[in-house]
Engineer: 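Below are the structure tokens for one structure; questions will follow.
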Amino acid sequence: MKNLLSKENRKNFGKAIRKLRKSRDFTQEEISEEIGVSREWISKIECGKSSPNCHDLLKLMKAIVFKDIEELYLFLEEATADVSVHTR
């Protein structure tokens with residue numbers, strides 16, 4: 001199965017996830033335990049080596065929690081900078 005995000009956009013997304021996680025003072029271990037994945041998986045996401053499927057992304061977002069809609073908007077803007085989607 002192909003990744004929907006390009007390599008560059010996986011990096012943008014990972015950086016945005018790391019920044020948001022750290023702003024909440026969560027460790028990778030705490031997030032991984034909360035959503036039932038390995039700490040290594042969180043690390044791969046944050047390094048741009050992997051991207052979550054929709055189900056895991058929702059669990060990740062629920063664990064981190066956005067303070068308000070503006071914070072969500074800023075996260076999405078940062079995470080999708082220069083987005084290019086692969087097509088068949």
Side-chain angles (χ1 to χ4, degrees):
M1 183 176 202
K2 262 186 159 177
N3 278 313
L4 293 177
L5 293 175
S6 69
K7 183 178 180 179
E8 184 61 34
N9 289 304
R10 284 194 307 269
K11 287 182 182 181
N12 289 341
F13 179 78
K15 286 178 187 177
I17 289 289
R18 178 183 297 120
K19 181 179 176 182
L20 185 61
R21 175 182 60 77
K22 287 185 173 189
S23 76
R24 300 291 190 273
D25 294 323
F26 288 130
T27 64
Q28 289 179 344
E29 186 71 31
E30 290 169 326
I31 294 294
S32 67
E33 288 176 5
E34 175 75 23
I35 65 175
V37 298
S38 70
R39 188 210 52 81
E40 291 79 11
W41 181 81
I42 300 292
S43 177
K44 285 180 181 180
I45 298 295
E46 291 184 359
C47 292
K49 294 179 181 177
S50 185
S51 57
N53 61 36
C54 290
H55 179 70
D56 289 335
L57 176 60
L58 290 174
K59 291 192 311 186
L60 185 56
M61 296 292 95
K62 184 178 178 184
I64 293 175
V65 185
F66 290 98
K67 294 177 184 172
D68 55 35
I69 195 71
E70 183 176 338
E71 185 179 53
L72 172 60
Y73 174 77
L74 292 172
F75 167 79
L76 292 173
E77 187 175 66
E78 182 178 345
T80 59
D82 302 320
V83 169
S84 63
V85 177
H86 295 270
T87 59
R88 294 180 192 207

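Reckoned from all heavy atoms, side chains included, excluding hydrogens, waters and symmetry mates. Positions are given from 1 along the sequence. Keep in mind that this is a model prediction, so the values were computed, not measured.
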Engineer: So that I can tick it off, tell me whether Lys15 and Glu78 are bridged by a salt bridge, with the cut-off set at under 4.0 angstrom between side-chain N and carboxylate O.
Structural biologist: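 So Glu78 does not pair with Lys15 through a salt bridge.
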Engineer: Measuring from atom CD of Glu46 to atom NZ of Lys19, what distance do you get when rounded to the nearest 0.5 angstrom?
Structural biologist: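 The distance works out to 13.5 Å.
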Engineer: Please tell me whether Leu57 and Ile64 are part of a single hydrophobic cluster in this structure, the criterion being side-chain heavy atoms less than 4.5 Å apart.
Structural biologist: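 Yes; tracing contacts between hydrophobic side chains, which count when under 4.5 Å, links both residues.
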Engineer: Rounded at 0.5 Å granularity, tell me how far OG in Ser50 sits from CD in Glu40.
Structural biologist: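 Output value for this atom pair is 12.5 Å.
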Engineer: Whether Glu29 and Arg21 form a salt bridge (side-chain N of Lys/Arg under 4.0 Å from carboxylate O of Asp/Glu) is what I want to check.
Structural biologist: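 No, no charged N to carboxylate O under 4.0 Å.
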Engineer: Donor-acceptor check, side chain of Lys59 to backbone of Ile35, threshold 3.5 angstrom: yes or no?
Structural biologist: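 Yes; judged by distance alone, with no hydrogens or angles, the pair exists.
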Engineer: Would you mind reporting whether Leu60 and Ile31 have side-chain heavy atoms less than 4.5 Å apart?
Structural biologist: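 In short, these two side chains touch, coming nearer than 4.5 Å.
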Engineer: Would you say Leu76 and Ile69 are hydrophobically clustered, going by side-chain heavy atoms of ILVMFWY under 4.5 Å?
Structural biologist: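 The answer is yes; both residues are in one hydrophobic cluster.
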Engineer: Can you find a heavy atom in the side chain of Phe75 that is under 4.5 Å from one in the side chain of Met61?
Structural biologist: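 Yes; the side chains approach each other to less than 4.5 Å.
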Engineer: Looking at OG of Ser23 and CG of Asp25, how far apart are the two atoms once the value is rounded to the nearest 0.5 Å?
Structural biologist: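 Between Ser23 OG and Asp25 CG, I get 8.0 Å after rounding to 0.5 Å.
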Engineer: So, the side chain of Glu30 versus the backbone of Thr27: is there a donor-acceptor pair under 3.5 Å, distance only?
Structural biologist: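 Yes: the side chain of Glu30 pairs with the backbone of Thr27.
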Engineer: With side-chain contact (heavy atoms from CB on, under 4.5 Å) as the criterion, how do Arg18 and Cys47 come out once you've worked through the C-alpha distance, each side chain's angles and the decisive distance to 0.1 Å?
Structural biologist: CA-CA 9 Å; Arg18 178 183 297 120; Cys47 292; 4.0 Å; yes
Engineer: Is there side-chain contact between Ile45 and Phe13, with heavy atoms separated by less than 4.5 Å?
Structural biologist: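 The answer is yes, as the side chains (C-beta and beyond) meet within the 4.5 Å cut-off.
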Engineer: Grouping I, L, V, M, F, W and Y whenever their side-chain heavy atoms are under 4.5 Å apart, do Leu72 and Phe26 come out in a common cluster?
Structural biologist: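 Per the 4.5 Å side-chain linkage, Leu72 and Phe26 are co-clustered.
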Engineer: Tell me, do Arg24 and Leu20 make a side-chain contact under 4.5 Å, heavy atoms counted?
Structural biologist: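 Arg24 vs Leu20: side chains touch.
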Engineer: When rounded to the nearest 0.5 angstrom, what is the spacing between NZ in Lys11 and NZ in Lys49?
Structural biologist: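 One gets 10.0 Å once the value is rounded to the nearest 0.5 Å.
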Engineer: Without swapping roles, check the side chain of Arg10 against the backbone of Ser51 for a donor-acceptor pair under 3.5 Å.
Structural biologist: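 No, the answer is negative, given that no donor and acceptor are paired below the 3.5 Å cut-off.
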Engineer: Is a side-chain N or O of Ser43 found less than 3.5 angstrom from the main chain of Arg39, in a donor-acceptor match?
Structural biologist: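 No, the answer is negative, given that no donor and acceptor are paired below the 3.5 Å cut-off.
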